[in-house]
Trainee: 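One structure, as structure tokens, below. Some questions next.
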Amino acid sequence: MGKTINVCSTCEAKTIQEGINQASDGDTVLVKKGIYKEVNIIVDKSIILLGENLPTIDGEDKGEIIKIVADNVTVDGFKIINVGTSYTSDYAAIRVIKKNGYLIQNLQLEKLFFGIYLERSDNGKVLNNTIKGDAINEYNSGNGIQLWYCNDVEVRGNDVQNVRDGIYLEFSDNIRISHNLSRNNLRYGLHFMFSNNDIYEYNTFENNGAGVAVMFSKFIEMKNNVFKENWGTAAFGLLLKEINDATISNNVFKENTVGINLEGSNRVTYHNNDFISNGWAIKVRGACYANSFKENNFLYNSFDISYNSNINDNEFDNNYWSNYTGYDLNKDGIGDVPYRPVKLFSYIVNRTPETIILLRSLFIDIIDFSEKVSPVFTPDNLVDENPKMKPIKHDRS
């Protein structure tokens, strides 16, 4: 059983660094309420660094604040402010370097460059932190939670806002990201590349500059997330680029410029999702093959599906389409007439964006009807043969 070292203005250890210096592996450094103006705090022992009544560590914009260079370190219960900004060093409120077994939780991070930066560090947890930046430009702002070459990390229950990317991963496998709120960020709510076998669930990505970007990864599960109000000329709920063998299920895409924008993505299942009031529910760009779209609800989108090719190798079946006007004579809940979700007008808008001003005109109804009767530009076989007559109820408990 380790001992407890107290840190306060009247204690033997008056600074956090002094308390760490006095500690041994297994000890607890208990920091009393107050303001500690410290920077470059080095945690080089396997200790618990615990704040009592949320003490504040003020870095005074001088650089990195806490650096963890030991295994099995816990940092719990601090407010950390005024991280330094640098164009050559990614200063963070907390950085973990090449270590295992860390727990970073219950922190309030404000006025920061990077928030929590995990570098070649495995088997850790980042839980229930509030990270609030003041990012204005991408070039002089950092990310809220960043993982670089990490494995087996859980990121759960964090509220991240007003940074460049809310959560960023690169070369990080077996990561579970759940129950986070990532909102009002300059670029992406979540951004990851070259990261495989990861799970993202029960997160909300709201009002971010360009939504969520997932690139060059495989064996990804994204389920029970909400992507909403990601508006703008280059915005989407979710961008998938070079993603293979993944599952996108039970998500809500609501009021985004584009719900899902996919390119070069293959063998992905899109099941039990709701696409509600988006500009485009789904934009399929080049080289997307063997994908399955089943039992999704497409509700009141300006365009349900956009395609830039007249060749289709993807399956659409048993979806509900609010724009479907067919009938169900045998009352089995399945429309008797197949539904063609790709409209000629969406094909035209892809090539000439200015034509969007004609969206509600009678002229557009006429050309869409003519394309439905005799497809020329849109994929002939892109048809939902079994459109549902009523919206599908999805259990997201």
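Everything numeric here is computed off the predicted structure, so don't read it as measured data. One is the number of the first residue; the rest follow in order along the sequence.
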Trainee: Does Lys294 offer a backbone N or O that forms a donor-acceptor pair with the side chain of Asp317 under 3.5 Å?
Mentor: no
Trainee: Run Thr15 and Val7 through side chain to side chain contact (heavy atoms under 4.5 Å, CB included) and show every step you take.
Mentor: CA-CA 6 Å; Thr15 69; Val7 177; 5.6 Å; no
Trainee: Under 3.5 Å, is there a donor-acceptor pair between the Tyr307 and Asn312 side chains?
Mentor: yes
Trainee: Report yes or no: does Asn225 contribute a side-chain atom to a donor-acceptor pair with the main-chain N or O of Lys223 at less than 3.5 Å?
Mentor: yes
Trainee: Please test Lys111 against Val83 for side chain to side chain contact (heavy atoms under 4.5 Å, CB included), starting from the C-alpha separation and ending with a verdict.
Mentor: CA-CA 6 Å; Lys111 299 179 181 177; Val83 178; over 6 Å; no
Trainee: For a ring pair (Phe, Tyr, Trp, His ring centres under 6.0 Å) with Phe205, tell me which candidate from Phe236, Phe227, Tyr188 qualifies.
Mentor: Phe227
Trainee: Between atom SG of Cys288 and atom NZ of Lys283, what is the distance when rounded to the nearest 0.5 Å?
Mentor: 13.5 Å
Trainee: Spell out, yes or no, whether Leu382 and Val284 are grouped together once hydrophobic residues are joined by side-chain heavy atoms under 4.5 Å, including indirect joins.
Mentor: yes
Trainee: Compute whether any side-chain donor of one residue and acceptor of the other, for His394 and Asp274, lie under 3.5 angstrom apart.
Mentor: yes
Trainee: Please check if the side chain of Asn137 supplies one atom and the backbone of Ser141 the other of a donor-acceptor pair under 3.5 Å.
Mentor: no
Trainee: With the side chain counted from C-beta on, respond yes when Leu240 and Tyr270 share a heavy-atom pair under 4.5 Å apart, and no when they do not.
Mentor: yes
Trainee: Assert yes or no for the condition that the ring centre distance of Tyr324 to Tyr339 is strictly below 6.0 Å.
Mentor: yes
Trainee: In terms of side-chain heavy atoms, does Asp58 have a donor or acceptor partner in Asn82 at a distance below 3.5 Å?
Mentor: yes
Trainee: Could you please spell out the steps behind the side chain to side chain donor-acceptor pair (under 3.5 Å) verdict for Gln105 and Asp76?
Mentor: CA-CA 5 Å; Gln105 65 180 4; Asp76 185 350; 2.9 Å; yes
Trainee: Determine the minimum heavy-atom distance between Val163 and Gly142, stating which atoms define it.
Mentor: CB-O, 3.5 Å
Trainee: Quick check against the 3.5 Å criterion: does Ser121 have a side-chain atom that pairs as donor or acceptor with the backbone of Val96?
Mentor: yes
Trainee: Hey, is CD on Glu60 packed in by over 12 heavy atoms from elsewhere, all under 6.0 Å?
Mentor: yes
Trainee: Answer yes if the side chains of Ser86 and Thr88 hold a donor-acceptor pair under 3.5 Å, and no otherwise.
Mentor: yes
Trainee: Does the side chain of Asn100 pick up a donor-acceptor pair with the side chain of Asn123 at under 3.5 Å?
Mentor: yes
Trainee: Got a sec: does the NZ of Lys254 have more than 12 other heavy atoms crowding it under 6.0 Å?
Mentor: no
Trainee: I'd like to know if the side chain of Glu206 reaches the main chain of Asn230, judged simply by a donor and an acceptor atom lying under 3.5 Å from each other, with no hydrogens or angles considered.
Mentor: no
Trainee: Would you mind checking if Glu255 and Lys228 are paired as a salt bridge, meaning a charged N to carboxylate O distance below 4.0 Å?
Mentor: no
Trainee: Given Asn278 and Val258, is the side chain to side chain contact (heavy atoms under 4.5 Å, CB included) satisfied, shown in steps?
Mentor: CA-CA 6 Å; Asn278 301 283; Val258 180; over 6 Å; no
Trainee: Please answer whether the main-chain N or O of Val155 pairs with a side-chain N or O of Asn180 as donor and acceptor at a distance below 3.5 Å.
Mentor: yes
Trainee: Could you pull out the closest heavy-atom pair between Leu169 and Asp198, with the gap in Å?
Mentor: CD2-OD2, 4.4 Å
Trainee: Verify the ring-centre separation between Phe192 and Tyr200: is it less than 6.0 angstrom?
Mentor: yes
Trainee: Any luck finding a side-chain donor-acceptor pair between Asn301 and Trp280 under 3.5 Å?
Mentor: no
Trainee: Do Asn129 and Gln108 have side-chain heavy atoms sitting under 4.5 Å apart?
Mentor: no
Trainee: Surrounding NZ of Lys14 (heavy atoms of other residues, nucleotides or ligands, distance under 6.0 Å), is the total greater than 12?
Mentor: yes
Trainee: Less than 4.5 Å apart, any side-chain heavy atom of Met222 and any of Val214?
Mentor: yes
Trainee: Begin from the C-alpha positions of Asn266 and Asn244 and carry the test side chain to side chain donor-acceptor pair (under 3.5 Å) through to its verdict.
Mentor: CA-CA 5 Å; Asn266 309 294; Asn244 296 309; 3.1 Å; yes
Trainee: Is a side-chain N or O of Ser322 found less than 3.5 angstrom from the main chain of Tyr300, in a donor-acceptor match?
Mentor: yes
Trainee: Under 4.0 Å between a side-chain nitrogen and a carboxylate oxygen: does that hold for Lys3 and Asp27?
Mentor: yes
Trainee: Inspect the contact between Lys45 and Asp25 and indicate whether a charged nitrogen and a carboxylate oxygen are less than 4.0 angstrom apart.
Mentor: no
Trainee: How far apart are the C-alpha atoms of Asn143 and Gln146, what are their side-chain angles, what is the distance that settles it, and do they pass the side chain to side chain donor-acceptor pair (under 3.5 Å) test?
Mentor: CA-CA 6 Å; Asn143 302 323; Gln146 175 146 335; 2.6 Å; yes
Trainee: Within the 4.5 Å heavy-atom criterion, are Lys125 and Tyr102 side-chain neighbours or not?
Mentor: no
Trainee: Is the shortest distance from a Lys or Arg side-chain nitrogen in Lys98 or Glu119 to a carboxylate oxygen in the other one below 4.0 Å?
Mentor: no
Trainee: Between the main-chain N or O of Glu170 and the side-chain N or O of Ser172, is there a donor-acceptor pair closer than 3.5 Å?
Mentor: yes
Trainee: With no hydrogens and no angle check, do the side chains of Asn207 and Glu229 hold a donor and an acceptor under 3.5 Å apart?
Mentor: no
Trainee: Regarding Asn291 and Tyr289, do their side chains bring together a donor and an acceptor under 3.5 Å, going by distance alone?
Mentor: no
Trainee: Starting from the C-alpha separation in whole Å, work towards a yes-or-no answer on ring-ring contact (aromatic ring centres under 6.0 Å, His included) for Tyr149 and Phe171.
Mentor: CA-CA 5 Å; Tyr149 279 101; Phe171 303 107; 4.6 Å; yes
Trainee: Quick test of your reading of the model: are Glu154 and Arg176 salt-bridged, counting only N-O distances below 4.0 Å?
Mentor: no
Trainee: Measure the acute angle between the ring planes of Trp321 and Phe316, then classify it against the limits of 30° and 60° as parallel, tilted or perpendicular.
Mentor: tilted
Trainee: So, are Glu110 and Lys132 salt-bridged, with charged N and O less than 4.0 Å apart?
Mentor: no
Trainee: Looking at Ile243, is its backbone amide N or carbonyl O close enough to the side chain of Ser217 to form a donor-acceptor pair, meaning the two atoms are under 3.5 Å apart?
Mentor: no
Trainee: Output yes when a side-chain donor or acceptor of Thr56 lies under 3.5 Å from a complementary backbone atom of Ile35, and no otherwise.
Mentor: no
Trainee: In the structure I gave you, are the side-chain heavy atoms of Ile42 and Gln17 within less than 4.5 Å of one another anywhere?
Mentor: yes
Trainee: Run the side chain to side chain contact (heavy atoms under 4.5 Å, CB included) test on Tyr36 and Cys8 for me, step by step, so that the C-alpha distance in whole Å, both residues' side-chain angles and the decisive distance to 0.1 Å come before the verdict.
Mentor: CA-CA 9 Å; Tyr36 298 83; Cys8 67; 4.2 Å; yes
Trainee: Calculate, to the nearest 0.5 Å, the distance between atoms CD1 and CG belonging to Ile334 and Asp384 respectively.
Mentor: 8.5 Å
Trainee: Hey, are Asn208 and Asn185 close enough side-chain-wise for a donor-acceptor pair under 3.5 Å?
Mentor: yes
Trainee: Are Asn319 and Phe298 packed together at the side-chain level, in the sense that at least one heavy-atom pair is separated by less than 4.5 angstrom?
Mentor: yes
Trainee: At their closest point, which heavy atom of Leu239 faces which heavy atom of Met215, and how far apart are they?
Mentor: CD2-CE, 3.7 Å
Trainee: So among Ile80, Leu107, Ile81, which one has a side-chain contact (heavy atoms from CB on, under 4.5 Å) with Ile57?
Mentor: Ile80
Trainee: Between Arg95 and Asp90 (salt bridge meaning N to carboxylate O under 4.0 Å), is one present in this structure?
Mentor: no
Trainee: Looking at Asp245 and Arg267, is there a salt bridge between them, counting it only when a charged N and a carboxylate O are closer than 4.0 Å?
Mentor: yes
